[in-house]
Amino acid sequence: DPNNKRAYKLKGDTYYALKEYEKALEAYNKAIEIDSLFVDAYYERCLIYEDRNDYDRALSDFNMIISIEPDNYRLYNRRGIVYHFYLGELEKGLADYNKALELNPEFSKPFINRAVLHKHLKQYDKAIADFDNGLKILQEKDPNSKKIAICYENRGSLYHELGEYKKALEDANSGIE
């Protein structure tokens, strides 16, 4: 069936895994041509655009997906990453992390990303609170996650910056265990 959008998405996913990005983009574009509301194809295309540092196109696709699925908290977190980490648009990144948490307060990733943003803004109390919340959720939902150690490391480095060396050591040790 030449109008099988899922087959084109699979083709795109396969080319993406093979790092054949142009072919992957062609396949995702074809899937979107078949179904202009096909969120999965847009999302994968976003990832390619991010990989290629084409943030304007990535944001355009994120905006399209969010217009289709305005309650998808993961999308706000992901778009927040583009604004925050790649474009340095901290206010927009913060707004997206906040929206993700408004939609799902049990999602750890925006807490951790927002903590890093607060740390950058030297809003240390807010950063520590967000690291605490992210850690709590990770420990409850995925106690074997490697992200826990990374979170301890990040919070520990913040404690170190603040001269709270005992807490920094506690986090370093927790990140090692």
Side-chain angles (χ1 to χ4, degrees), residues 1-117 120 130-131 133-151 154:
D1 177 8
N3 289 317
N4 185 338
K5 68 182 181 184
R6 296 200 186 289
Y8 281 105
K9 169 147 179 330
L10 174 60
K11 193 174 175 180
D13 293 348
T14 303
Y15 281 128
Y16 186 50
L18 294 169
K19 298 186 184 337
E20 294 187 37
Y21 300 122
E22 287 302 320
K23 290 180 180 179
L25 281 173
E26 288 174 23
Y28 294 137
N29 288 340
K30 184 64 179 172
I32 291 166
E33 181 183 312
I34 293 166
D35 180 356
S36 64
L37 302 178
F38 190 23
V39 169
D40 294 345
Y42 278 109
Y43 185 79
E44 296 302 324
R45 193 169 76 173
C46 286
L47 298 180
I48 291 175
Y49 290 147
E50 278 185 50
D51 286 347
R52 301 171 108 190
N53 301 325
D54 190 348
Y55 303 119
D56 289 336
R57 284 187 175 166
L59 286 173
S60 177
D61 278 359
F62 276 123
N63 292 337
M64 172 58 96
I65 301 169
I66 288 171
S67 75
I68 298 166
E69 292 186 1
D71 294 331
N72 187 328
Y73 57 92
R74 293 179 186 278
L75 295 174
Y76 289 99
N77 181 65
R78 191 73 202 175
R79 187 177 69 178
I81 289 169
V82 173
Y83 282 130
H84 170 198
F85 289 103
Y86 300 130
L87 298 175
E89 295 184 35
L90 303 183
E91 293 298 321
K92 289 180 179 180
L94 181 61
D96 276 349
Y97 299 147
N98 289 340
K99 182 66 175 180
L101 290 167
E102 174 189 318
L103 292 169
N104 183 355
E106 295 299 312
F107 186 37
S108 64
K109 290 179 183 180
F111 275 117
I112 295 165
N113 292 331
R114 193 172 70 177
V116 172
L117 190 149
H120 178 80
D130 279 346
F131 280 130
N133 286 323
L135 271 168
K136 180 180 177 208
I137 293 166
L138 280 171
Q139 289 166 332
E140 289 172 1
K141 293 189 176 213
D142 191 5
N144 297 317
S145 172
K146 292 182 185 272
K147 293 175 187 169
I148 293 172
I150 294 167
C151 198
N154 281 312

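Between the side chains of N63 and R79, at least one donor N or O sits under 3.5 Å from an acceptor N or O. Side-chain atoms of D61 and Y43 form no donor-acceptor pair, as typed in the model, at a separation below 3.5 Å. Between the side chains of N113 and N77, at least one donor N or O lies within less than 3.5 Å of an accepting N or O. Side-chain N/O atoms of Y8 and N29 include no donor and acceptor closer than 3.5 Å. Checking Y42 against D40 by side-chain atom types alone, no donor-acceptor pair falls below 3.5 Å.
A donor-acceptor contact shorter than 3.5 Å is absent between the side chain of Y76 and the backbone of Y97. Judged purely by atom type and a 3.5 angstrom limit, S67 uses its side chain to pair as donor or acceptor with the backbone of M64. Looking at N154, its side chain does come within 3.5 Å of a backbone N or O of I150 through a donor-acceptor pair. In terms of modelled atom types and a separation under 3.5 Å, the side chain of S60 and the main chain of D56 share no donor-acceptor contact. Panel note: side chain Y16, backbone R45; no donor-acceptor pair is recorded below 3.5 Å.
For the pair I112 and G134, the tightest heavy-atom approach, listed with the atom from each and the gap, is CG1-CA, 4.2 Å. Nearest heavy atoms, I137 versus P105: CD1-O, 3.6 Å. Between I148 and P143 the shortest heavy-atom distance is CD1-O, 3.6 Å. Taking each heavy atom of I68 and S36 in turn, the nearest pair found is CD1-O, 4.3 Å. Shown here for C46 and A58, the closest heavy-atom pair between the two residues is SG-O, 3.6 Å. A100 and P110 make their closest contact through CB-CG, 3.9 Å (heavy atoms, listed as atom of the first residue, atom of the second, distance).
From L117, atom CG reaches atom CG of L94 across 5.5 Å, with rounding to the nearest 0.5 Å. Interatomic distance, CZ of R6 versus CG of D35, reported as 8.5 Å (0.5 Å rounding). Put simply, CZ on F62 and CG on D96 are 9.5 Å apart, with the number rounded to the nearest 0.5 Å. The line from NZ of K146 to CG of L138 is 14.0 Å long, rounded to the nearest 0.5 Å. Here E102 contributes atom CD and Y73 contributes atom OH; the two are 14.5 Å apart, rounded to the nearest 0.5 Å. Here the CZ-NZ distance, from F38 to K9, works out to 6.5 Å after rounding to the nearest 0.5 Å.
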Audit row: K30, K5, side chain to side chain contact (heavy atoms under 4.5 Å, CB included) steps and yes/no: CA-CA 8 Å; K30 184 64 179 172; K5 68 182 181 184; over 6 Å; no

Run L87 and V82 through side chain to side chain contact (heavy atoms under 4.5 Å, CB included) and show every step you take. CA-CA 6 Å; L87 298 175; V82 173; 4.1 Å; yes

Please walk me through it: do H84 and V116 pass side chain to side chain contact (heavy atoms under 4.5 Å, CB included)? CA-CA 10 Å; H84 170 198; V116 172; 4.1 Å; yes

Using the side chain to side chain contact (heavy atoms under 4.5 Å, CB included) rule, take Y15 and L25 through it: C-alpha gap first, then chi angles, then the decisive distance, then the call. CA-CA 9 Å; Y15 281 128; L25 281 173; over 6 Å; no

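D142 has its side chain out of reach of K147: every pair of non-hydrogen atoms, C-beta onward, lies at least 4.5 Å apart. Using a 4.5 Å heavy-atom cutoff, the side chains of Y55 and Y49 are not in contact. Considering only heavy atoms from C-beta on, Y86 stays 4.5 Å or farther from N53 through its side chain. Looking at heavy atoms from C-beta onward, T14 lies out of side-chain contact with K23 at the 4.5 angstrom threshold.
Taking 4.0 Å as the cut-off between side-chain N and carboxylate O, K11 and E26 do not count as a salt-bridged pair. One finds a salt bridge joining R52 and E22 here, because a Lys/Arg side-chain nitrogen approaches an Asp/Glu carboxylate oxygen to under 4.0 Å. Taking a cutoff of 4.0 Å between a charged side-chain nitrogen and a carboxylate oxygen, D54 and R57 qualify as a salt bridge.
Within 6.0 Å of the CD atom in E140, the count of heavy atoms belonging to other residues, nucleotides or ligands exceeds 12.
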